[in-house]
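Have a look at the structure below, then the notes.
Every number for a ligand or one of its atoms is a count from 1 in the order of the listing. Note that these values count all heavy atoms, side chains included, but never hydrogens, waters or copies made by symmetry. It should be emphasised that the depicted structure is a prediction, and the values quoted were computed from it without experimental measurement.
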Amino acid sequence: MSTARRADREMSPADAPPRANSVLDLVGNTPLVDVTAMGEGLSPKVKLYAKLEGFNPGGSVKDRAALWMMRHGVETGELGEGKTVLDSTSGNTGIALAMIGAAMGYPVTLVLPDNVSQERKRIIQAFGAGIIYSSGLEGSDGAILKCREIVESDPDRYFKPDQYFNANNPQAHFDSTGPEIWTATGGLVSHLVAGIGTSGTIMGTGRYLKTMNPGVQVVAAEPEDALHGLEGLKHMESSIVPGIYHENELDRKIPIPTEDAYDWCYKMGEKLGIVVGQSAGAALHASLEVAGDVDDGVIVMIFPDFGDRYLSTNLWHGWLEWAKHRQERSG
Ligand SMILES: Cc1ncc(COP(=O)(O)O)c(C=O)c1O
């Protein structure tokens, strides 16, 4: 190759991708992508952006909360040599804790409902973490109760990050997700839309954005009823309410039917080339409802993970049905 051609390809250090010492340094700084094309008949002054949290090294938004909780544990001495990290999780937090435990050098054991996706179980095991199963029929609440029992039987052995009650969960989003959104939109964000699981994402991000501009509207996407297929999200009225959840900090809650969230996932795959998990479909559904009510605004929604995490679940089975119907429609 000539010297001139090699020089053409040189990159300034500022443009080069980061060189990290550890995966821990790669958590956060996820991109916002324009998804306005998913709306129909919206005011031309409305923009929709999705924050693609699947770009975190553990594949989801939960890397942030897990990192903050574990670091805080080390700082306070609650997490140290000889301790095992133990928590209950709907899946993504487990993956994040397993990854961060491996990178920091702490053993991790997770309690999770036995009906979570195969992909999740296997990824957790790939990070060297152990799994204890609770009944899938009892959902995430069953895992919480079983985890409590185990910790109470030998409290000195375990460090329990306790994402539902740990202030470092929303703090992670106050310190990282919120400032990233503010900066990426040049301070123009008008609405934040996110699903509620532990509620850490919406609480921390919403709190930060409201400190920057009290007019920012914080909107939660919540499963429509207790029996739903939106893995990762909670129907608050029928659940153990997380200690970090403060409903008075929300401006609005939008109930989401499972099928609608799934349909948005299928449509986004085809239309945008973005294949996401069902809680992202729920966030888009809620965002479109918000977008239909305003004349102008910059609506930022959180897409917690990508769809490849759900290939063995009902989301994917629905996908096959969807593809079949589409083929029939197009003759
Ligand atoms: C796929 C998915 N979406 C959304 C959420 C909700 O995030 P948060 O717990 O911060 O409310 C979670 C949480 O586990 C999740 O796994």
Between the main-chain N or O of [Y] and the side-chain N or O of [X], is there a donor-acceptor pair closer than 3.5 Å?
X: S43; Y: D295; answer: yes
X: H246; Y: N248; answer: no
X: K160; Y: V151; answer: no
X: D63; Y: G58; answer: yes

Contact between ligand 1 and V61 is defined here as a heavy atom of the residue under 4.0 Å from a ligand atom; is it met?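 So V61 does not count as touching ligand 1.
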Is the shortest distance from a heavy atom of G91 to ligand 1 less than 4.0 Å?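 Per 4.0 Å heavy-atom rule, G91 does not contact ligand 1.
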Does an N or O from [X], backbone or side chain, lie closer than 3.5 Å to an N or O of ligand 1?
X: T201; result: yes
X: H173; result: no
X: G197; result: yes

With a heavy-atom distance limit of 4.0 Å, tell me whether [X] approaches ligand 1 through its side chain, its backbone, both, or neither.
X: K62; result: side chain
X: Y310; result: side chain
X: D305; result: side chain
X: S279; result: side chain

Can you list the ligand 1 atoms lying under 4.0 Å from a non-hydrogen atom of [X]?
X: P304; answer: 2 (C), 3 (N), 4 (C)
X: S199; answer: 8 (P), 9 (O), 11 (O)
X: T198; answer: 8 (P), 9 (O), 10 (O), 11 (O)
X: N92; answer: 1 (C), 2 (C), 15 (C), 16 (O)
X: L233; answer: 4 (C)

CD/Q118: more than 12 non-hydrogen atoms of other groups inside 6.0 Å: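 Yes, CD of Q118 has more than 12 neighbouring heavy atoms, counting only those of other groups under 6.0 Å.
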Within the 3.5 Å criterion, strictly below it, is a donor on [X] or [Y] matched to an acceptor on the partner's side chain?
X: N169; Y: W68; result: no
X: E53; Y: S60; result: no
X: T258; Y: E224; result: no

Do F55 and F306 have their ring centres less than 6.0 Å from each other?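 Between F306 and F55, which both carry aromatic rings, the centre distance is below 6.0 Å.
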